[in-house]
Amino acid sequence: MTKVYGTGMYDFRRHRVAEYPVGAEPTPPPSTAVSEAKPGSNLPNSITLIEIQKDRLTKIATENWSIGADSDSEKGFSPELVKKIYDTELTVKGGRKSVPLQRVMILEVSQYLENYLWPYFYPETATFEHIMSMVLMINEKFRENVAAWICFHDRKDLFNAFLDRVIKLKEEERSLTTSEKINYLLFMINAFQSLEDEVVSKKVLKLARLQCWFSLSNGRFQLELCRNKDLIGKWKKIARRVKKAAKREESFDPSAAREAKFLRNLIEEFLEVLGSQVFPQKHRDDEDDEFPDAIGSEKIDDACVLYCERFMEFLIDLLSQLPTRRFIKPLVADVAVVAKCHLSALYRHEKGKLFAQLVDLLQFYEGFEIDDHRGGQMTDDEVLQAHYERFQAFQLLAFKKIPKLRELALANIGSINKRADLSKKLSVLSAEDLRDLVCSKLKLISRDDPWSERVDFLIEVMVTFFEKQQSQREAINALPLYPNEHIMWDESLVPSINYTGEGCLALPKLNLQFLTLHDYLLRNFNLFRLESTYEIREDIQVAVPHLLPYINNEGDTAFRGWSRMAVPIKEFRITTVKQPNIGEVKPAVVTAAVTFSISSYKAHIRSEWNSLKEHDVLFLLSIRPSFEPLSAEEAAQATVPQRLGLHCVRGCEIIEVRDEEGTLMNDFTGKIKRDEWKPPKGELRTVTVALDSAQYHMDVGDIAEKGSEDIYGTFNVLMRRKPKENNFKAILESIRDLMNETFIVPMWLHDIFLGYGDPSAAQWTNMPNLLETVDFKDTFLDVDHVRQCFSDYQVHFVNSDGTENLNPKPPFRIRLPKNLKGNVYALPGNVKKDEALPDAANDGHSDIEKLIIEAFIPPDPGPYPQDQPKQNSVRFTPTQVGAILSGIQPGLTMVVGPPGTGKTDTAVQILNVLYHNCPSQRTLIITHSNQALNDLFEKIMQRDVPARYLLRLGQGEQELATDLDFSRQGRVNAMLVRRLELLSEVGRLARSLKLPEDVGYTCETAGYFWLLHVYSRWEQFLASCAENKDKPTFVKDRFPFKEFFSDTPQAVFTGESFDQDMRSAMGCFLHLKTVFQELEECRAFELLKSTVDRSNYLMTKQAKIVAMTCTHAALKRKDFLHLGFKYDNLLMEESAQILEIETFIPMLLQRQEDGHARLKRCILIGDHHQLPPVVKNMAFQKYSHMDQSLFTRFVRLGIPYIELNAQGRARPSLAKLYNWRYRELGDLPFVTENSVFHRANAGFSYEYQLIDVPDYRGKGESAPSPWFYQNEGEAEYIVSIYIYMRLLGYPANKISILTTYNGQKLLIRDVINRRCAPYDFIGPPNKVTTVDKFQGQQNDFILLSLVRTRFVGHLRDVRRLVVAMSRARLGLYIFCRRSLFEQCYELQPTFRLLLQRPDRLALNINELTSSTDRHVEDTGPMHLVSGLEEMANIVHFKINQVCEARMMSHHYNQQSGHGQMLTNHVIEDMEVKDIPLESISNNDVDTENTPDGSNEQPGNLLDGVTAGVTQADNQEDATISNAIDDGNKMEE
């Protein structure tokens, strides 16, 4: 097994995710040595905070650039210091490391770049070491996934000069070492991956433009111009500029420009390293011996191997982006990079496995199915036609010019388009003839190329150019969906969790742009497949060891242990192998029967195995352990499969499950009726499974061709996985189906989706078929609300007839101009609102445009209370109205919702207005989580959208806080119940009209009754009313359905006004019309008899708003297509938390109509400043950017978005901790005016504070297992504060404890269980969880532990900081190591605010309950807690008072004894040893500056504590609760 750098030692335990684990490095000199971690060791235990503080780099940083350094001791900038640091700390010699990672980390965290290198950078004087040091710091930022270019934005001109200096490094006299070449190359990779940054892209794209063709060979240059005739004109322009410059005697030679030669020189440098430096000892004259057949015996330069791998990554990145691919691909082909790599010794060397995989990936992208100059995707037919035309031209040339190739010229193309056949035909040519053919006639390479004298190279070039390539469709169809053992433990494809980012991988990347939709799907298919492979591998490594396999006396595998997720197989047999489908070679279907026993399991585990159902995925394992256990030395050298005894892994999908008597279990197809179901019998279970036919075909081929073992006779273990983690196959099938379909993304979205064209092209103002007049329903609460939302316009209200309305009231219709100024709310991410506003300050008042708004009176909804529509009560901000306006218009709408800005309310109002303006259209709602979907759905139910049009799909429906059932089955039942209710109403109506009641027997008869008796009477009534408008009592006397409406709560008609009574009559008729309309909708449920047909009809026809999670959409896509599911609008909540592919699939849950996509609107709502989608494997997250959401990519591309700009969750002071991250985030009037946000937090001097926590018992952070970070001091301190709050009377459900690591979460829970849970007056808090898990939630008070004391860790991701700071409404208390976090550049805007206050906890001891009238800005008498020990004693003192108060209040000796025991127990738990209880008295409490200037007496203190505990035990603070609940209307 090839060892790949960045992967650690195998451990059967499930690994924890690390932000940057560090491997072994060369040991520094003894005087300054820092303990380094060995491979696989636990870094946090190998380097302590004291060692970091004593390290010379830390001392240098403190003296020269660190925050907090003494300003008097600043020495200014010293180039000699930069050179010394670079030479002694930042360079390595040999090995697979390009930098000493730990040293770079220490320098980068100390802000070496931001505070020293960049402020003192001047392009004229900067030294080589200065430039390279900046390059290393930037690379380190990319490795850690933090913003790398942000510190350069304030000096863009100098940054441009810096990039010039970097490019010029290759021209300087000093030659770069191999490690420096790697770092330089990595910088260029990072730069080309940052094309969204304007300064970076402007500079680096010059290197990949037409000018680089000056370095092409003459033959290749002519060939490319012939292929792309549109470039001839551009080339002539360059030639004319050269001539004009020559006439003016100016120096202008574009061929000598740096940009013309840069990439060519890089490629030639790479080829030199590949040919002569990878194997430094190999310098033979005989070229045949230079590439030996015996691979693996030579000494290899690991640094050069890493360089070659990085260069392949660089070329792959260039060819996989259209802006760089267009002109770079001819350069790569001209040098024949792929052919030379194929023939290199490294390609076949055992240490070159990753390099070979990267070369193959480069070859794939070089031959990608795309028109490089038009940018269009080529179909399979177009690719095949191009291949035939190319081969036909070659055959014609051979026929005319090369007699030796006459046989090839006359051969059938199908017989010679394979590699072996073509090589054989070309072998008849001599070396010189072959060289003349390739270099002169075909002009594929230059004759000056030294490799052109090698026959094998020339044949490789020819074969690569002319052989028929397998199409992408064929490749993905031939690929098994289930991983096998070869892929699972290939570390270059599926790295271990501790990938550090130092090496590259053979993985595709998700970046800004994609070549085609097929390219997009292929990259996501491969990454999703490998990510799921990693998770399956982890599950196997957990499950198999528990089985304790061994070889018994008969030589067979047996098992001593048991595993919850894996069971030994009793019998396995293949049952069906069907003939291949037409055009395929793999079998159509392969099924097998697997029998196993559940006798050894307990009842609850048996039920898990019994709950297996159709479409669940299982894994078949072949376990054959060694006869004797491996020794320690053998185990250390063995691969993971060898240690497990694992020989093969195959996936399968359940078709059916039967019990011991052969009875079908868990049937959902309707074969077994509910009343016929019986519990399973016996202990044996037989599962019929569908095997992967592609994998089966490959296995059978290996048996036939290679004589391999029949693995299907060796399976002895069946493994299952948790259902929520086992949906990968359905998603992979959906992606593969999309590759095989002629699917169409809407034309208005296609280019933007791929990352090209005008970013604003899909905005509603640029779209056709706009809604010219929009009925905003209940969006506006009053006239002032309208004027506030359209302040840029002179609002003019009119009546329905066009006359001016002087007293307008909602609802309103608005006639929208296409150039609506409110569109300024939708801006690209790099544009501020002030910059986008037109300069109209001097235009005068007369130039303000008019906006015509129609105030109309809606029709009377009906006489019954249930007829009245539900009204919105949220006063939307102008920005929210802008989002609603954009969302109801066609096109792409992106809404960024910062914490607490009401994005859910905005989404619901978009749906509400859209439903009423486009009632025939259907809308699909997608969210990431069931919780978010339920929150959205519950708010929709509160709006004026009939419940019969709402449908909730998926498993989370039962968690909805409603008595109604919105699942498919629930909606069907509701429709059937409603049908009976409506038919009884029809019968009552018939009785009131003196007609037979049988008209209400069915929906059909009710329909006839409507036409013949109801509608006809209404028409007669209207006709008679037209002639009697002057009679006030006419309507009351002649209304035909007066008897039916006699049961209304109030009299329908007054008889005083004809118009008023006529309006009431219209409302009554509308009620009847709605009844019969609902009956017509129920008719289908009357005709369809089966539950399945009814539910399918409901989903595809009846429901107007269908909601599901993105996972459900991917799982059920095939079913949706089969049923003909249709929708016009897509609204996606939490879209910044959804993987790219899981966002894309919901756009394509329907088939196209007449070659066009039906989708009209796509509304994406999310927040890219909060945490991204979860990707478990760090390699896929760091290297492949798999955690990038479509929402975030669109923001990076500069697509305009609307950012909600007023939060209603937190105190304004708390919001300042994170609002700097947003464009203009302000506060809603609710949080600025409501008294609860003005009152201080009782017992605390500040509403937020950073508390510095020093080492506890001599240590800070620890890691009991790898990357399982804990901090005992912070855990104890935070629980003490929680107890203190509970003793004051703070409700437990209003307090949440958050931390940034799972290890600390478990430690805090353990401390709470020990110190809080046993006491009823304390109890556990609302939640103890991680920041990541708490995203989307909030609470009044948050206690936050940041854990780390050595390195900042993954909180450097500012998105995690934003989430952490934005969870609290009223109070936030952060426990961390100040000296560490104040140094972090990315976190400075927040920590600057935090550190304006004392870093010791400030308490107000005089406040004894959870309520106070003190203003939030009034700190009151402040007591600064010295540390954890003092806080523990304060808490203990209060607990002691509580116990005494309870004893006194009960007046019983037994209770008194119990209280004393309780007190003693608390004393032991608090572990207060240094300060005795007697020393804590009121004198220890700072009571100075109290309002009355007096000290509190013990009696008063006791009473206050008792009152606080009573309040905590019995009720919550009503004032806080009510005020916060009122605020929910405007919160997220």
Side-chain angles (χ1 to χ4, degrees), residues 899-900 931 935 1207-1211 1213-1215 1217 1230-1231 1234-1249 1278-1299 1305 1308-1309 1312 1315-1317 1319-1329 1331 1333-1345 1363-1375 1401 1403-1404 1407-1414 1416 1435 1438 1442 1505 1507-1532:
Q931 179 61 46
D935 291 343
Q1207 66 89 22
R1209 171 187 296 175
R1211 299 181 190 268
S1213 57
L1214 284 175
L1217 295 175
F1230 171 74
V1231 296
N1234 196 292
S1235 61
V1236 70
F1237 292 101
H1238 292 181
R1239 289 201 301 269
N1241 297 333
F1244 295 91
S1245 296
Y1246 298 105
E1247 74 278 21
Y1248 70 82
Q1249 197 178 359
I1278 217 165
V1279 173
S1280 294
I1281 299 300
Y1282 168 69
I1283 297 173
Y1284 173 76
M1285 295 177 72
R1286 291 290 290 125
L1287 293 174
L1288 287 179
Y1290 284 92
N1293 66 340
K1294 297 295 183 183
I1295 307 171
S1296 293
I1297 299 178
L1298 304 184
T1299 179
K1305 174 191 72 176
I1308 292 173
R1309 287 180 179 175
I1312 287 174
R1315 293 177 55 184
C1316 305
Y1319 313 121
D1320 58 342
F1321 55 88
I1322 298 177
N1326 177 51
K1327 276 192 178 179
V1328 179
T1329 186
V1331 171
K1333 289 288 186 182
F1334 206 66
Q1335 179 164 339
Q1337 304 175 59
Q1338 66 244 337
N1339 210 340
D1340 289 358
F1341 304 97
I1342 297 294
L1343 307 178
L1344 174 64
S1345 169
V1363 174
M1365 296 297 113
S1366 60
R1367 300 305 98 194
R1369 289 168 167 171
L1370 300 176
L1372 173 65
Y1373 302 95
I1374 303 165
F1375 300 81
L1401 180 63
L1403 299 181
N1404 193 320
E1407 292 171 338
L1408 307 175
T1409 66
S1410 62
S1411 61
T1412 180
D1413 294 328
R1414 178 167 53 91
V1416 67
V1435 168
K1438 285 188 172 290
V1442 172
V1505 173
V1509 173
T1510 304
Q1511 180 185 23
D1513 283 338
N1514 299 326
Q1515 62 181 8
E1516 299 177 4
D1517 187 350
T1519 305
I1520 294 179
S1521 299
N1522 295 337
I1524 295 301
D1525 292 339
D1526 291 341
N1528 283 335
K1529 296 176 181 178
M1530 286 305 297
E1531 290 181 8
E1532 180 184 11

*Taking all non-hydrogen atoms of both residues into account, name the closest pair between Val1279 and Cys1316 and its distance.*
CG1-SG, 3.7 Å

*What closest approach, in Å, do Arg1209 and Gln1207 show between heavy atoms, and which atom pair accounts for it?*
N-OE1, 2.9 Å

*Side-chain donor/acceptor of Thr1329 to backbone N/O of Phe1334, under 3.5 Å*: no

*Stepwise, does the side chain to side chain contact (heavy atoms under 4.5 Å, CB included) test hold for Arg1315 with Ile1283?*
CA-CA 9 Å; Arg1315 293 177 55 184; Ile1283 297 173; 3.7 Å; yes

*Mind listing the closest non-hydrogen atom pair of Pro1324 and Ala1292 along with its distance?*
O-CB, 3.5 Å

*Side-chain donor/acceptor of Arg1367 to backbone N/O of Gln1335, under 3.5 Å*: no

*How far apart are the closest heavy atoms of Ile1281 and Phe1375, and which atoms are they?*
CG1-CZ, 3.5 Å

*Side chain of Tyr1290, backbone of Tyr1284: donor and acceptor closer than 3.5 Å?*
no

*asked:* Quick check: do Val1442 and Leu1287 have side-chain heavy atoms less than 4.5 Å from each other?
replied: yes

*Would you confirm whether Asn1241, through its side chain, and Leu1370, through its main-chain N or O, come within 3.5 Å as a donor-acceptor pair?*
yes

_Leu1288 side chain near Lys1438 side chain, heavy-atom distance below 4.5 Å_ = yes

_Residue pair Val1416 / Tyr1246, side-chain heavy-atom distance below 4.5 Å_ = no

*Which one of Ile1278, Asn1339, Leu1344, Leu1372 satisfies the side chain to side chain contact (heavy atoms under 4.5 Å, CB included) criterion with Leu1298?*
Leu1344

*asked:* Rounded to the nearest 0.5 Å, what separates atom CG in Asn1234 from atom CZ in Arg1211?
replied: 10.5 Å

*Tell me, do Ile1374 and Tyr1248 make a side-chain contact under 4.5 Å, heavy atoms counted?*
no

*Would the Phe1244 and Tyr1373 ring centres measure less than 6.0 Å apart?*
yes

*If you round to the nearest 0.5 Å, how far is OG of Ser1245 from CG of Leu1403?*
6.5 Å

*For the residue pair Val1331 and Ala1364, what are the closest heavy atoms and their distance?*
CG1-N, 3.8 Å

*Has the side chain of Arg1239 got a donor or acceptor atom that lies under 3.5 Å from a matching backbone atom of Asp1413?*
no

*Could you check if a side-chain atom of Met1285 sits within less than 4.5 angstrom of a side-chain atom of Phe1341, using non-hydrogen atoms only?*
yes

_Check whether Arg1286 reaches the backbone of Ile1322 with its side chain - one donor and one acceptor, N or O, closer than 3.5 Å._
yes

_Is the shortest side-chain heavy-atom distance between Gln931 and Gln1337 below 4.5 Å?_
no

_Ser1345 versus Ile1308, closest heavy-atom pair with distance_ = CB-CD1, 4.4 Å

*Do Val1236 and Arg1369 touch side chain to side chain, with heavy atoms closer than 4.5 Å?*
no

*asked:* Are Pro1325 and Ile1312 packed together at the side-chain level, in the sense that at least one heavy-atom pair is separated by less than 4.5 angstrom?
replied: yes

*Begin from the C-alpha positions of Leu1401 and Gln1249 and carry the test side chain to side chain contact (heavy atoms under 4.5 Å, CB included) through to its verdict.*
CA-CA 7 Å; Leu1401 180 63; Gln1249 197 178 359; 3.8 Å; yes

*Using modelled atom types only, decide if a donor and an acceptor are shared between the side chain of Glu1407 and the backbone of Ser1410 within a distance under 3.5 Å.*
no

*Can Lys1294 and Asn1326 be said to form a side chain to side chain contact (heavy atoms under 4.5 Å, CB included), step by step?*
CA-CA 7 Å; Lys1294 297 295 183 183; Asn1326 177 51; over 6 Å; no

